[in-house]
Amino acid sequence: MADRIIILLERSLPTWNDLPAMPLFNQQVVDYVNEQLGPYLLKNQKLTSTMIQNYTKWEVLPKPIGRKYDRLHIAQIIVITILKHIIPLEDVHSGINLMVQLVGHEEAYDSFIKTLSESTKRTFEPLLDPTLPSYRYSGFEISRKLIAIAAISDAYSRMLLTEMILEKQGIRGLLKETH
């Protein structure tokens, strides 16, 4: 499990410009998203083709263009895959729309990726330092426009940490691979 923490901390999630430029078919999107999110995924959280179809059917995701999903679709699928475990899907959809109205698609997505990565580091890095007598979580400064993204990213990182601790039956079990 400590190996997963190290991978999680070293993983760079794709920014808007890193997302595939060419549209992908449904299964290609599934494979891409699951590969990119790998260590970020909770137990049994992998994306499936059916999920993508349902997001489109429920109008949470725009319809594909000729059976293919472009960068905008993929960005939204990544955000949905992470956030649907924190808040209801309709709230994820509303939040995406709000952020897009405030700062546009690219900045909204990149802000989410950045804050999720930062939150993950704040949540997990202290665990790997055996010299720290306690687990300290420090505050951070963020634009008022991005407070919601920061809050949800923190919530997800904390949920992921909790799942990993429970899976290994305590913090010692989680960290025993590194010491």
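Below, all heavy atoms of this structure are taken into account, side chains as well, without hydrogens, waters or symmetry copies.
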(message) With side chain to side chain contact (heavy atoms under 4.5 Å, CB included) as the criterion, how do Ile65 and His73 come out once you've worked through the C-alpha distance, each side chain's angles and the decisive distance to 0.1 Å?
(response) CA-CA 10 Å; Ile65 303 161; His73 292 102; 4.2 Å; yes
(request) Step by step, work out the side chain to side chain contact (heavy atoms under 4.5 Å, CB included) result for Leu19 and Tyr32. (result) CA-CA 9 Å; Leu19 296 172; Tyr32 176 80; 3.7 Å; yes
(message) Set out, in order, the CA-CA distance, both residues' side-chain angles and the distance that settles side-chain hydrogen bond (donor to acceptor under 3.5 Å, both in side chains) for Thr15 and Asn17, then state yes or no.
(response) CA-CA 5 Å; Thr15 64; Asn17 290 327; 5.4 Å; no
(message) Apply side-chain hydrogen bond (donor to acceptor under 3.5 Å, both in side chains) to residues Lys114 and Tyr109 and explain how you reach the verdict.
(response) CA-CA 9 Å; Lys114 180 182 178 193; Tyr109 174 76; over 6 Å; no
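Atom CG of residue Asn54 and atom OG1 of residue Thr50 lie 6.5 Å apart, to the nearest 0.5 angstrom. Distance check, rounded to the nearest 0.5 Å: CG of Leu13 to CD1 of Ile78 gives 7.5 Å. To the nearest 0.5 Å, atoms CG (Leu160) and OG1 (Thr120) are separated by 7.0 Å. Summarising the geometry, atom CG belonging to Leu116 is positioned 10.0 Å from atom NZ belonging to Lys121; distances are rounded to the nearest 0.5 Å. Once rounded to the nearest 0.5 Å, the distance linking OG1 of Thr123 with CE of Met159 reads 12.0 Å. One distance of note links CD of Gln45 with CD1 of Ile82; it measures 5.5 Å at 0.5 Å rounding.
Within the 4.5 Å cutoff, the side chain of Asn26 has no heavy atoms near those of the Arg67 side chain. Using a 4.5 Å heavy-atom cutoff, the side chains of Lys84 and Tyr55 are in contact. Looking at heavy atoms from C-beta onward, Pro62 lies out of side-chain contact with Thr56 at the 4.5 angstrom threshold.
Put simply, Leu72 and Leu98 are part of the same group of oily side chains (I, L, V, M, F, W, Y) that touch within less than 4.5 Å, one to the next. A chain of hydrophobic side-chain contacts below 4.5 Å, direct or via other Ile, Leu, Val, Met, Phe, Trp or Tyr residues, connects Leu102 to Val100.
When every heavy atom of Phe124 is checked against every heavy atom of Met164, the shortest pair comes out as CE2-SD, 3.7 Å. Closest approach of Gln76 and Ile96 over heavy atoms only: NE2-CG2, 4.0 Å. Across all their heavy atoms, Pro23 and Lys68 have their closest contact at CB-CB, 3.6 Å. A pairwise comparison of heavy atoms in Gln36 and Pro14 identifies OE1-CD, 3.6 Å as the closest pair. Here the shortest heavy-atom pairing between Tyr69 and Phe25 reads CD1-C, 4.3 Å. Counting all heavy atoms, side chain and backbone alike, Val29 lies closest to Leu47 at O-CD2, 4.4 Å.
The backbone N or O of Pro39 sits less than 3.5 Å from a side-chain atom of Arg4, completing a donor-acceptor pair. Looking at Asn97, its side chain never comes within 3.5 Å of a backbone N or O of Ser94 through a donor-acceptor pair. With Arg71 contributing its side chain and Trp16 its backbone, the two residues share a donor-acceptor pair below 3.5 Å. Not one N or O on the side chain of Tyr40 forms a donor-acceptor pair closer than 3.5 Å with the backbone of Ser157. Lys46 places no side-chain N or O within donor-acceptor distance of the main-chain N or O of Asn34, the cut-off being under 3.5 Å. Asp91 contributes no side-chain N or O that, together with a main-chain N or O of Ile87, makes up a donor-acceptor pair within less than 3.5 Å. Of the possible polar contacts, none joining the His93 side chain to the Leu61 backbone as a donor-acceptor pair under 3.5 Å is found.
Among the candidates Ile77, Thr48, Ile52, the single residue satisfying the side chain to side chain contact (heavy atoms under 4.5 Å, CB included) test with Val30 is Ile52.
Checking Thr115 against Ser153 by side-chain atom types alone, a donor-acceptor pair falls below 3.5 Å.
Other residues, nucleotides and ligands contribute only 12 or fewer heavy atoms inside 6.0 Å of the NZ atom of Lys63.
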